[in-house]
Amino acid sequence: MLQLRPHHSLCMQFYVGKAYSPDFGRNMEQKLLLPEDTELGITFGLDDLCAHCPNHRIHDDSEASPAIVNSDLHSSPVIGNSDLHSSPVIVNSDSHSSSAVDICDSEAHVRQIDRRVADLFGYEEGSRMTLKKFFQNSREKIILSNRLEEMCGECDFMDICKEQAKIIRKRNQI
(Lines give C-alpha, C1' and ligand atoms only; values in the text may rest on other atoms or scores of the structure.)
Protein backbone atom coordinates (compact mmCIF):
# COMPACT_ATOMS: atom_id res chain seq x y z
CA MET A 1 0.00 0.00 0.00
CA LEU A 2 1.18 3.51 -0.81
CA GLN A 3 2.19 5.54 2.27
CA LEU A 4 1.85 9.35 2.11
CA ARG A 5 2.17 12.26 4.51
CA PRO A 6 -0.94 14.49 4.76
CA HIS A 7 0.66 17.52 3.07
CA HIS A 8 1.67 15.48 0.04
CA SER A 9 -1.98 15.73 -1.08
CA LEU A 10 -1.02 19.27 -2.05
CA CYS A 11 2.55 18.75 -3.26
CA MET A 12 1.49 16.07 -5.70
CA GLN A 13 -1.28 18.21 -7.22
CA PHE A 14 1.03 21.18 -7.66
CA TYR A 15 4.02 19.31 -9.06
CA VAL A 16 5.34 20.92 -12.25
CA GLY A 17 8.74 19.27 -12.60
CA LYS A 18 10.58 21.32 -9.97
CA ALA A 19 12.05 18.93 -7.45
CA TYR A 20 14.74 18.53 -4.83
CA SER A 21 16.66 16.23 -7.18
CA PRO A 22 16.21 14.30 -10.45
CA ASP A 23 15.62 11.07 -8.50
CA PHE A 24 12.93 12.75 -6.39
CA GLY A 25 11.29 14.12 -9.57
CA ARG A 26 11.24 10.70 -11.26
CA ASN A 27 9.68 9.13 -8.18
CA MET A 28 7.04 11.88 -7.98
CA GLU A 29 6.17 11.41 -11.66
CA GLN A 30 5.79 7.65 -11.14
CA LYS A 31 3.45 8.20 -8.20
CA LEU A 32 1.37 10.66 -10.24
CA LEU A 33 0.75 7.93 -12.82
CA LEU A 34 -0.87 5.63 -10.24
CA PRO A 35 -4.61 4.99 -10.75
CA GLU A 36 -6.90 7.20 -8.70
CA ASP A 37 -8.33 4.13 -6.95
CA THR A 38 -4.89 3.29 -5.49
CA GLU A 39 -5.27 2.78 -1.75
CA LEU A 40 -3.01 4.76 0.52
CA GLY A 41 -2.28 4.98 4.20
CA ILE A 42 -1.56 8.23 6.00
CA THR A 43 1.76 8.43 7.78
CA PHE A 44 3.41 11.20 9.76
CA GLY A 45 6.91 9.98 9.05
CA LEU A 46 8.97 9.34 5.97
CA ASP A 47 6.73 8.13 3.17
CA ASP A 48 6.96 6.83 -0.40
CA LEU A 49 7.88 10.29 -1.71
CA CYS A 50 10.36 11.11 1.06
CA ALA A 51 12.35 7.97 0.28
CA HIS A 52 13.81 9.73 -2.78
CA CYS A 53 14.32 13.17 -1.24
CA PRO A 54 17.90 14.33 -0.65
CA ASN A 55 16.76 15.80 2.70
CA HIS A 56 16.12 12.22 3.86
CA ARG A 57 19.26 10.48 5.01
CA ILE A 58 20.11 7.29 6.79
CA HIS A 59 22.63 7.62 9.59
CA ASP A 60 24.30 4.89 11.53
CA ASP A 61 23.41 5.85 15.09
CA SER A 62 26.29 3.79 16.47
CA GLU A 63 28.56 6.45 14.95
CA ALA A 64 26.20 9.39 15.48
CA SER A 65 26.97 11.88 18.14
CA PRO A 66 24.30 12.52 20.76
CA ALA A 67 23.75 15.88 19.02
CA ILE A 68 22.25 14.13 15.97
CA VAL A 69 20.11 11.83 18.05
CA ASN A 70 18.91 14.77 20.16
CA SER A 71 18.33 17.05 17.12
CA ASP A 72 20.80 19.71 18.20
CA LEU A 73 22.69 20.06 14.91
CA HIS A 74 21.64 22.37 12.11
CA SER A 75 22.14 21.35 8.51
CA SER A 76 22.00 23.44 5.40
CA PRO A 77 18.94 23.21 3.17
CA VAL A 78 18.97 21.81 -0.33
CA ILE A 79 16.92 24.75 -1.60
CA GLY A 80 15.42 27.93 -0.30
CA ASN A 81 15.49 29.75 2.99
CA SER A 82 17.49 28.11 5.77
CA ASP A 83 15.12 29.54 8.39
CA LEU A 84 12.56 26.98 7.26
CA HIS A 85 14.75 23.97 7.81
CA SER A 86 15.24 22.62 11.27
CA SER A 87 17.63 20.24 12.84
CA PRO A 88 17.65 16.58 11.82
CA VAL A 89 15.08 14.48 13.60
CA ILE A 90 14.99 10.72 13.97
CA VAL A 91 11.91 9.55 12.13
CA ASN A 92 12.06 5.80 11.71
CA SER A 93 14.51 3.23 12.89
CA ASP A 94 12.51 0.11 12.02
CA SER A 95 13.25 -0.23 8.31
CA HIS A 96 17.01 -0.61 8.59
CA SER A 97 19.51 -2.37 10.78
CA SER A 98 19.26 -1.67 14.48
CA SER A 99 22.08 0.87 14.27
CA ALA A 100 20.63 2.91 11.36
CA VAL A 101 18.08 5.69 11.65
CA ASP A 102 16.15 7.62 9.01
CA ILE A 103 16.16 11.37 9.48
CA CYS A 104 14.81 14.35 7.59
CA ASP A 105 16.65 17.64 7.62
CA SER A 106 13.33 19.54 7.54
CA GLU A 107 11.23 17.29 9.75
CA ALA A 108 10.04 19.91 12.26
CA HIS A 109 8.76 22.22 9.50
CA VAL A 110 7.17 19.35 7.55
CA ARG A 111 5.46 18.01 10.68
CA GLN A 112 3.83 21.41 11.24
CA ILE A 113 2.35 21.35 7.74
CA ASP A 114 1.27 17.72 8.14
CA ARG A 115 -0.41 18.53 11.45
CA ARG A 116 -2.42 21.43 10.00
CA VAL A 117 -3.60 19.35 7.03
CA ALA A 118 -4.33 16.31 9.18
CA ASP A 119 -6.29 18.36 11.71
CA LEU A 120 -8.44 19.83 8.94
CA PHE A 121 -9.41 16.36 7.69
CA GLY A 122 -9.20 14.33 10.89
CA TYR A 123 -6.40 12.17 9.49
CA GLU A 124 -4.62 9.91 11.93
CA GLU A 125 -1.62 7.65 11.49
CA GLY A 126 -2.84 4.73 9.39
CA SER A 127 -5.98 6.43 8.03
CA ARG A 128 -6.82 4.86 4.68
CA MET A 129 -8.37 6.23 1.51
CA THR A 130 -7.92 6.28 -2.25
CA LEU A 131 -5.65 8.70 -4.04
CA LYS A 132 -8.80 10.26 -5.53
CA LYS A 133 -10.23 11.02 -2.07
CA PHE A 134 -6.82 12.21 -0.82
CA PHE A 135 -6.58 14.77 -3.63
CA GLN A 136 -10.27 15.65 -3.56
CA ASN A 137 -10.15 16.54 0.15
CA SER A 138 -7.28 18.97 -0.27
CA ARG A 139 -8.63 20.41 -3.50
CA GLU A 140 -12.03 21.19 -1.96
CA LYS A 141 -11.04 22.34 1.53
CA ILE A 142 -7.64 23.90 0.90
CA ILE A 143 -7.09 24.83 -2.74
CA LEU A 144 -10.61 25.94 -3.71
CA SER A 145 -11.12 27.50 -0.27
CA ASN A 146 -7.93 29.53 -0.72
CA ARG A 147 -6.30 28.15 2.46
CA LEU A 148 -2.96 27.13 0.97
CA GLU A 149 -0.81 29.68 2.77
CA GLU A 150 -2.60 28.92 6.05
CA MET A 151 -1.73 25.24 5.67
CA CYS A 152 1.76 25.39 4.20
CA GLY A 153 3.14 28.61 5.65
CA GLU A 154 6.60 29.51 4.39
CA CYS A 155 7.29 26.39 2.35
CA ASP A 156 10.14 26.72 -0.16
CA PHE A 157 7.79 25.77 -3.00
CA MET A 158 5.03 28.27 -2.07
CA ASP A 159 5.45 30.46 -5.15
CA ILE A 160 5.00 27.46 -7.46
CA CYS A 161 2.08 26.11 -5.44
CA LYS A 162 0.25 29.45 -5.32
CA GLU A 163 0.42 29.68 -9.11
CA GLN A 164 -0.83 26.12 -9.54
CA ALA A 165 -3.62 26.74 -7.01
CA LYS A 166 -4.77 29.75 -9.08
CA ILE A 167 -4.94 27.53 -12.17
CA ILE A 168 -6.95 24.87 -10.32
CA ARG A 169 -9.36 27.47 -8.89
CA LYS A 170 -9.83 29.05 -12.33
CA ARG A 171 -10.46 25.66 -13.93
CA ASN A 172 -13.08 24.87 -11.29
CA GLN A 173 -14.97 28.13 -11.93
CA ILE A 174 -15.76 27.10 -15.49
Side-chain angles (χ1 to χ4, degrees), residues 2-34 36 38 40-58 71 73-89 91-92 102-121 123 127 129 131-173:
L2 185 64
Q3 295 292 310
L4 292 173
R5 298 183 86 128
H7 84 275
H8 282 153
S9 65
L10 295 161
C11 300
M12 291 175 77
Q13 291 185 79
F14 297 143
Y15 183 71
V16 293
K18 308 275 184 187
Y20 292 108
S21 69
D23 191 38
F24 183 87
R26 281 188 295 277
N27 183 51
M28 174 72 88
E29 290 165 8
Q30 288 174 350
K31 300 300 183 267
L32 289 170
L33 293 174
L34 292 171
E36 64 182 14
T38 298
L40 68 92
I42 296 292
T43 185
F44 291 92
L46 296 176
D47 69 5
D48 291 322
L49 291 179
C50 300
H52 295 273
C53 178
N55 288 334
H56 162 224
R57 291 183 248 165
I58 300 171
S71 304
L73 293 179
H74 292 282
S75 59
S76 59
V78 173
I79 61 168
N81 181 344
S82 63
D83 293 340
L84 303 180
H85 295 271
S86 64
S87 307
V89 174
V91 178
N92 179 3
D102 290 346
I103 61 171
C104 176
D105 293 341
S106 354
E107 185 64 26
H109 174 68
V110 171
R111 277 190 186 268
Q112 289 175 344
I113 298 171
D114 278 340
R115 189 74 268 149
R116 287 189 289 262
V117 173
D119 287 348
L120 182 63
F121 299 115
Y123 294 159
S127 293
M129 68 201 72
L131 269 175
K132 180 179 181 175
K133 184 67 175 167
F134 188 59
F135 294 146
Q136 184 179 28
N137 286 346
S138 62
R139 190 170 34 257
E140 290 174 1
K141 291 189 178 180
I142 298 173
I143 300 168
L144 297 178
S145 299
N146 207 19
R147 297 179 74 181
L148 181 63
E149 289 182 81
E150 173 189 341
M151 293 292 123
C152 297
E154 299 291 323
C155 176
D156 291 336
F157 291 101
M158 183 57 77
D159 289 340
I160 293 169
C161 296
K162 285 194 310 192
E163 286 304 311
Q164 293 305 306
K166 284 181 193 175
I167 293 167
I168 292 170
R169 283 193 300 273
K170 187 173 186 175
R171 194 175 343 158
N172 279 274
Q173 291 175 350

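As a basis for the values below, the full set of heavy atoms in this structure was taken, side chains included, without hydrogen atoms, waters or symmetry mates.
Rounded to the nearest 0.5 Å, atoms CD1 (Ile168) and CD1 (Ile142) are 11.5 Å apart. We find the CD1-CD distance between Ile167 and Glu163 to be 7.0 Å, quoted to the nearest 0.5 Å. Here the straight-line distance linking atom CD of Gln3 with atom OG1 of Thr43 works out to 5.5 Å at 0.5 Å rounding. Rounding to the nearest 0.5 Å places CG of Leu4 at 8.5 Å from NZ of Lys31. Taken from NE2 in His7 to CG in Asp114, the straight-line distance is 5.5 Å, to the nearest 0.5 Å. With values rounded to the nearest 0.5 angstrom, Tyr15 atom OH is found 10.0 Å from Ile160 atom CD1.
Checked for salt-bridge contact, Glu29 and Arg26 miss the test: no charged N lies under 4.0 Å from a carboxylate O.
Residues Lys141 and Arg147 have side chains not in contact (no heavy-atom distance under 4.5 Å, counting atoms from C-beta outward). The closest side-chain heavy-atom distance from Arg169 to Asn172 is not below 4.5 Å. Two residues are said to be in side-chain contact when any heavy atoms from C-beta on lie closer than 4.5 Å; Asn137 and Ser9 fail this criterion. Using a 4.5 Å heavy-atom threshold, the side chains of Leu49 and Asn27 count as touching.
Shortest non-hydrogen contact noted between Pro6 and Phe44 is CG-CE2, 3.6 Å. Here the closest heavy-atom approach between residue Leu10 and residue Cys152 is recorded as CD1-SG, 3.8 Å. In plain terms, the two heavy atoms of Cys50 and His8 that are nearest each other are SG-CE1, 3.9 Å. When all heavy atoms of Arg5 and Arg111 are compared, the closest pair comes out as NH2-CG, 3.8 Å. Closest heavy-atom contact between Met129 and Ile42: CE-CG1, 3.9 Å.
Every residue two or more places apart in sequence or in another chain was checked for a side chain to side chain donor-acceptor pair (under 3.5 Å) with Asp48, and none qualifies. Every residue was checked against the side chain to side chain donor-acceptor pair (under 3.5 Å) condition with Lys132, not counting sequence neighbours, and none meets it. For the salt bridge (charged side-chain N to carboxylate O under 4.0 Å, His left out) test, no residue two or more places apart in sequence or in another chain qualifies with Asp47. With sequence neighbours left out, Arg139 forms a side chain to side chain donor-acceptor pair (under 3.5 Å) with Gln13. Taking Lys133 as the reference, nothing meets the salt bridge (charged side-chain N to carboxylate O under 4.0 Å, His left out) condition, with sequence neighbours excluded. Taking Tyr123 as the reference, Phe121 meet the ring-ring contact (aromatic ring centres under 6.0 Å, His included) condition, with sequence neighbours excluded.
Remark: the backbone N or O of Glu140 is paired with a side-chain donor or acceptor of Ser145 at under 3.5 angstrom.
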